[in-house]
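Below: one structure, written as structure tokens.
Throughout, residue positions are numbered sequentially from 1 according to the sequence presented.
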Amino acid sequence: MSDVAFSVLGLSKVYPIGDLQVIALDDVSLVVPKGDYLAIMGPSGSGKSTLLNILGCLDRPTSGDYEIDGKGVNHFSDEKLSELRGQSIGFVFQSYNLISYLTVDENIALPRNYVSNESGRQPNPAHLASLVGLADRRDHRPQQLSGGQQQRVGIARSLANDPAFILADEPTGNLDTTTTEEILGLLDKLNGEGKTIVLVTHEEEVAKRARRIVRMKDGAIIEDHRSREPAPSDALNKQEVVSLNNEKGSGSLLKGIWTNLGKGAFQSIFTHPMRSILTGLGVFIGVVSVLWLLAIGEGIAAEAEEEIMQLGANNIIISSKRPPESERSSKGQYFYSYGLTHNDYFKLTQSVPHIQASYVTRELDRRTVFTKDGKKRAELLGCLSNYRNLHNLVLTRGRFLTEEDNREKAEVCVIASKLAKILFPFGDALGNAINIGGNLYRVVGEVAPRRNLKDRGNLGFKEIFEDNVYIPIETMWSKIFDFSYRGYDGSPLLSKIILTIDNQGKLLTISEMIQNILGEDHGMEDFQITVPLELMEQAERAKLTFISLMGLVAGISLFVGGVGIMNIMLATVTERTREVGIRRAIGAKKKDIILQFLIETITLTGLGGLAGIVAGFLCKPAYSMILNFMENWTPSIYESLPASMQNMTPVLVLWSLPLVFFVAVVTGVIFGLYPAKKASEMNPVDALRHVV
């Protein structure tokens, strides 16, 4: 292997400024052997810093050759140059260039997070801190250290990957005399142990510590004077290898992602808490809006589906409805009569196939029923004995109506327990009588409360179970006044006919058959047919539409949040330009910078998403609290709300939790990619010169 650490031949650097060409380096040639200690001097504008940047692979020459350890690097890719900086070059800067939110140990270990040591062993940060006299300051941050201590950290960092040579740019320029002597003594010690050092300085006293002084003027070398021979290049291995290389390097890249990238993300967030909160607010609002709206939609859908399922998935509900006036006026003596009749029921049960069970009712609402102790407007419901099975009515006292009651046209009734408490507040309803239209009907049973069927779409299945008085239907037809007593065919009127079909696949076909039969017989639209199964399918489609709309709302909310994240990350990139330059100088590749800023945006959006998910679980109590507030303080607004919103309980959609979190994180990636890429494309030299 060559004994030359690096060499340059005919190196030139020209900067175009408008129509002018500014020559920073003019045909510079230099050979630096391993173990050399080279001081570069010259006035400002002489090309010292430009040469140092090219030697550090931070900049490229306009022409000429540059070799490190015998290998030409002029045509290396950016990634290869970054890897070379991390493995072979250690930087010591005049302004220290430490990462403010990292500790001494973390700053020293920073280069290790970007370049893997092929030997599998790397210098121990704790030992390097001890080597530069900072063993008791390892957990301190830069702002807690003096200038000299910060420069010591910079020197220790330059040794983190055991580089081939060290480049020091005015390392004592900002230090007092005593601290300058300490830093120079440390550089002397490192050179004595075999490290190759290139030092840029304006001070003659500092330059005299080197083994060789190169003077520059107007971009060219005007003097190259050697005072001492280079130190033996294997001195470091002989004296320090056991104590320096004493930590395994495996896993250091993974540790670095958390230590520097992850920690940097949280440090950035907590350093500017208000800015971070406002940045994540858009994502939070988007996530909460999706979860809450889905929960409310699911609650409304669940209530509707439960009501529909109570109607029976295999049922067909045929109900009477008021036809248009023009159709009723042609019916002569039955002008006021419309709807289903007993003859319709008989014909359907005889001609329609697959009927498993059938139920009929005649409903007369807002009829006054009373006893000596109470009075109430109630619904009289004439039915058969099987009506109890249709809605799973639960008896709390006595019995339900029987076939015999119906045949005998018995004056008996079964009442809802809530109505029983009103009519018989001081006694037992069972066995006592209630007055309906001047006749007394003996109470033979009470039924427990159950959920009412609201029928908000007026589809013909409404049932208010809390005020029902169940009477044999033959009794109702013969003994209770009904203004529209007879139908178009002269038989008693019915309010509903419910048919249970034994084959669910035949429901729609049979409903069409019923439509045709009744349509021909009635000659007008005074009935409607409801198929609960079809309603269920419609509810599912409506829910899917609702989910799609919520997705649109979420997309808009997250887009707005994403734009906010992009704006704040662009500002962050500008604020941390110098940090980007530092990381690039010590070996970070473009993809490492992209990853760093993406982790920050993902962290912001992830935290916003998690906060949104937590808030999503508060939907139920928050919704209840809002309704209670409206009911107590704004009753008119509360009453104007649809019943579905008044009685609904939000249901959190569990599958939406990981989905919206994933979308929030993806939003962070998408909108954080441009700022991250912009940061990675920065010229390392320009980034290091940036002043915040």
Side-chain angles (χ1 to χ4, degrees), residues 281 284-311 363 365-369 374-379 381 391 393-394 396 415-423 425 446-469 535 538-539 542-543 545-547 549-550 553-554 557 611-654 656-657 660:
L281 188 61
F284 171 81
I285 292 173
V287 170
V288 170
S289 64
V290 173
L291 295 180
W292 280 37
L293 290 173
L294 281 178
I296 292 171
E298 188 70 16
I300 294 173
E303 183 181 20
E305 288 177 4
E306 182 181 352
E307 187 167 280
I308 292 170
M309 287 305 298
Q310 289 184 44
L311 302 176
E363 300 160 16
D365 60 355
R366 301 187 62 78
R367 295 298 181 95
T368 301
V369 297
K375 182 171 70 171
K376 181 75 168 63
R377 285 187 176 274
E379 179 175 282
L381 194 147
H391 292 301
L393 299 179
V394 178
T396 56
I415 62 176
S417 58
K418 183 176 181 179
L419 182 61
K421 292 178 181 178
I422 296 173
L423 298 179
E446 292 182 24
V447 293
R450 57 149 296 154
R451 183 187 179 92
N452 296 326
L453 301 176
K454 304 292 177 43
D455 187 20
R456 300 180 186 90
N458 295 318
L459 298 175
F461 58 82
K462 180 178 179 181
E463 287 290 351
I464 308 299
F465 293 97
E466 62 187 26
D467 66 351
N468 277 356
V469 177
L535 294 178
Q538 292 173 3
K543 186 165 71 172
T545 302
F546 186 82
I547 291 174
L549 291 174
M550 293 310 100
V553 172
S557 299
I613 288 175
V614 171
F617 283 96
L618 301 177
C619 178
K620 183 177 178 179
Y623 187 82
S624 177
M625 185 171 63
I626 291 171
L627 284 184
N628 288 335
F629 175 84
M630 293 176 65
E631 187 176 11
N632 294 328
W633 297 97
T634 58
S636 58
I637 297 177
Y638 177 81
E639 291 297 331
S640 67
L641 293 176
S644 57
M645 295 188 67
Q646 294 179 4
N647 303 317
M648 179 273 302
T649 301
V651 179
L652 193 63
V653 183
L654 295 180
S656 66
L657 301 181
V660 294

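Here the OG1 atom belonging to T649 is positioned 9.0 Å from the OH atom belonging to Y623, to the nearest 0.5 angstrom. With values rounded to the nearest 0.5 angstrom, D365 atom CG is found 10.5 Å from N468 atom CG. In this structure, C619 SG and E298 CD are separated by 11.5 Å, a value rounded to the nearest 0.5 Å. Taken to the nearest 0.5 Å, the CD1 atom of I613 stands 11.0 Å off from the CZ atom of F284. To the nearest 0.5 Å, the span separating CG on L419 from CD on E379 amounts to 11.5 Å. Atoms CG and CE, on N628 and M630 in that order, are 11.0 Å from each other to the nearest 0.5 Å.
Side chains of K375 and T368 form a contact here, defined as non-hydrogen atoms less than 4.5 Å apart. Side-chain contact between F465 and L393 is present, with at least one heavy-atom pair separated by less than 4.5 Å.
Minimum interatomic distance between K376 and L423 (heavy atoms only, all atoms of both residues): N-CD2, 4.1 Å. Taking all atoms of both residues into account, the shortest heavy-atom contact from V287 to V660 is CG1-CG2, 3.9 Å. Listed here is the closest heavy atom pair of A448 and T396: CB-CG2, 3.6 Å. In terms of heavy atoms, G286 sits closest to S289 at O-OG, 2.8 Å. Between V369 and A378 the shortest heavy-atom distance is CG2-CB, 4.0 Å. R366 approaches R377 most closely through the heavy-atom pair O-NH1, 2.8 Å.
Distance alone, capped at 3.5 Å, is enough to place a donor-acceptor pair between the W292 side chain and the A615 backbone.
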